[in-house]
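Heavy atoms only: backbone and side chains are in, while hydrogens, waters and symmetry mates are out.
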Amino acid sequence: MTHAVRLRDYTVSLGPLAESLPEALRELPYSKLFLLADSHTAALLPPFLDRLADARLVLEPGETHKNLHSCTQVWQAMLAAGLDREALALHLGGGVIGDLGGFCAATFKRGIRFVQVPTTLLAMTDAAIGGKLAVDFSGVKNIVGVFQNPAAVLADPAFLTTLPERELRSGFAEVIKHALIGDPALWATIRKLQTLDSRLDWQALLRASIRVKVRIVEEDPLEKGLRALLNFGHTIGHALEAYYLDSTEPLTHGEAVAIGMLTEYWIACGEDARFGELKEVIARFFPWRDLSSGAAPALWQLMQQDKKNAAGAVRMATPAAGIDTLRLRAIQESDLAHALDFYRALR
């Protein structure tokens, strides 16, 4: 059964792709259908979707390929396929494919429509929703991009059964974030969970998490205020992810954001009761990582490019009292260094 969450100008459908995709395509007449996937998600391509595509491109997977070189490959494939402005792009994959594909579609011929078909927990709960599209550049995450809503988002929980445990945990960091900033009932549910497996009611967890994201982006579509709250954990988290990206032990997005939530909350609020709850949940689902003791200066340089910064100040967003309440705080390099020392001592 398909559940729909409606935004102002598109719908997030949560249910079997075999039901949601034909209905979406009936409502979105197109001249040609262009399919974008990576080599992992191409293997998951349903036969009926394979038959529908007029042209397709399969990219290498992973954050290291979310760059302008990959964009050039996509734009070249779109040109070769003869796509006009009535064409429709369909992106089957996780956050990298959704971000990169959406950016390419939004800029090709000044914009063609696109449908996001997220296949990871991270993409279903966060990356595919809200119209923020970007690629990495010069070692900085998501620094080149646009705002452009998709024509539809089609999330099928069945794809979650294909994910490795580490990838599932990575996406779960965003569910934790949504619960903590905007849904006390979801937070209470998460605090009771012990494992992430097929026995969970993923439909209900996804529905609750998506509603938090939708509520906030509808209020602040261009990230002028409250939407910054969705970046809780990401100021330090994005820097950590970028810093370790080319190392022998890279962090997943969710692992970096989990550390970011702990350290940012500690900077803002100290060890209050809610920090204790957050620490307990993070420790249950995310293994402790041995962060380099000399990383703070390099991380601080990466944080200089954070999009929440203003007037030269590095700012982080944390929840205040109650749901959907934002606290923006300017921090110093010494705050970062102390927070990383605090995290290292948690082992």
Side-chain angles (χ1 to χ4, degrees), residues 126 132 134 136-143 145 173-174 176-182 216 220 222-245 251-279 281-283 286 288-347:
D126 190 60
K132 286 174 64 175
D136 306 339
F137 179 71
S138 194
V140 181
K141 276 185 61 68
N142 299 331
I143 200 66
E174 298 291 350
I176 292 171
K177 178 199 73 180
H178 288 159
L180 195 65
I181 67 175
I216 292 175
D220 183 16
L222 298 181
E223 203 169 42
K224 300 295 185 182
L226 180 64
R227 186 165 176 169
L229 187 57
L230 293 171
N231 279 289
F232 171 48
H234 289 64
T235 302
I236 293 175
H238 271 168
L240 284 167
E241 187 180 1
Y243 180 81
Y244 285 99
L245 184 61
L251 292 165
T252 67
H253 176 76
E255 289 165 350
V257 167
I259 297 170
M261 285 191 287
L262 272 179
T263 50
E264 291 179 22
Y265 193 95
W266 182 79
I267 292 171
C269 303
E271 297 184 72
D272 63 9
R274 191 153 57 154
F275 176 83
E277 295 174 0
L278 177 60
K279 182 173 68 171
V281 168
I282 296 297
F286 295 91
W288 184 89
R289 291 295 299 259
D290 187 10
L291 303 180
S292 169
S293 59
L299 292 172
W300 184 250
Q301 286 304 309
L302 288 166
M303 288 163 63
Q304 302 303 307
Q305 303 300 326
D306 191 277
K307 294 177 288 297
K308 296 183 296 301
N309 294 352
V314 174
R315 301 195 301 174
M316 64 179 193
T318 55
I323 67 170
D324 295 358
T325 55
L326 170 68
R327 177 193 288 114
L328 274 175
R329 172 178 172 149
I331 62 172
Q332 306 297 320
E333 185 175 355
S334 58
D335 295 319
L336 170 67
H338 292 153
L340 293 177
D341 287 343
F342 174 79
Y343 174 78
R344 280 190 287 269
L346 291 178
R347 186 171 188 174

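Atom OG1 in T263 sits 14.0 Å away from atom NE2 in H338 (nearest 0.5 Å). A distance of 7.5 Å separates CG in L326 from OG1 in T318, rounded to the nearest 0.5 Å. If you take CG on L291 and CG on L251, they are separated by 7.0 Å, rounding to the nearest 0.5 Å. Note that CD1 of I181 and CD1 of I323 are 10.0 Å apart. Values are rounded to the nearest 0.5 Å. To the nearest 0.5 Å, the span separating CZ on F232 from CZ on R327 amounts to 10.0 Å.
For the side chain to side chain donor-acceptor pair (under 3.5 Å) test, residues two or more places apart in sequence or in another chain that qualify with N231 are E223. A search for side chain to side chain donor-acceptor pair (under 3.5 Å) contacts involving R329 returns nothing, not counting sequence neighbours. Residues that satisfy the ring pair (Phe, Tyr, Trp, His ring centres under 6.0 Å) test with H253, not counting sequence neighbours, are H234, H238. For the side-chain contact (heavy atoms from CB on, under 4.5 Å) test, residues two or more places apart in sequence or in another chain that qualify with A298 are Y243. Annotation: side chain to side chain donor-acceptor pair (under 3.5 Å) contacts of D220 (sequence neighbours excluded): none. In terms of the ring pair (Phe, Tyr, Trp, His ring centres under 6.0 Å) criterion, residue partners of F342 (sequence neighbours excluded) are, by chain and number, W266, F275.
Residues D324 and L226 meet the side-chain proximity criterion, which asks for heavy atoms closer than 4.5 Å. I216 places none of its side-chain heavy atoms less than 4.5 Å from the side chain of H178. Under the 4.5 Å side-chain criterion, counting only non-hydrogen atoms from C-beta, I176 is not in contact with V257. In this structure, the side chains of W288 and D290 come closer than 4.5 Å at one or more pairs of heavy atoms. Within the 4.5 Å cutoff, side-chain heavy atoms of P319 are placed close to those of L229.
A side-chain donor-acceptor contact under 3.5 Å links Y343 to the backbone of R289.
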> Step by step, would you call L340 with L299 a side chain to side chain contact (heavy atoms under 4.5 Å, CB included)?
Replying inline: CA-CA 11 Å; L340 293 177; L299 292 172; 3.7 Å; yes

> For I267 and I331, what are the C-alpha separation, side-chain angles and deciding distance, and is it a side chain to side chain contact (heavy atoms under 4.5 Å, CB included)?
Replying inline: CA-CA 8 Å; I267 292 171; I331 62 172; 4.0 Å; yes

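Residues in residues 231-244 take part in these salt bridge (charged side-chain N to carboxylate O under 4.0 Å, His left out) pairs, two or more places apart or across chains: K141-E241. Within the structure, the salt bridge (charged side-chain N to carboxylate O under 4.0 Å, His left out) test picks out the following pairs touching residues 337-347 (sequence neighbours left out): D341-R344. Residues in residues 258-279 take part in these salt bridge (charged side-chain N to carboxylate O under 4.0 Å, His left out) pairs, two or more places apart or across chains: R191-E277.
Nearest heavy atom pair, residue A258 against residue I282, reads CB-CD1, 3.9 Å.
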Below 3.5 Å, can you tabulate the donor-acceptor pairs from side chains in residues 301-317 to any protein atom, sequence neighbours excluded?
residue, atom, partner, partner atom, Å
Q304, NE2, W300, O, 3.0
D306, OD1, K308, N, 2.9
D306, OD1, K308, NZ, 2.9
D306, OD2, K308, NZ, 3.3
K307, NZ, N142, O, 3.3
K308, NZ, T235, OG1, 2.8
N309, OD1, R315, N, 3.2
N309, ND2, M303, O, 3.0
N309, ND2, Q304, O, 3.0
N309, ND2, D306, O, 3.4
R315, NE, K308, O, 2.7
R315, NH2, K308, O, 3.0

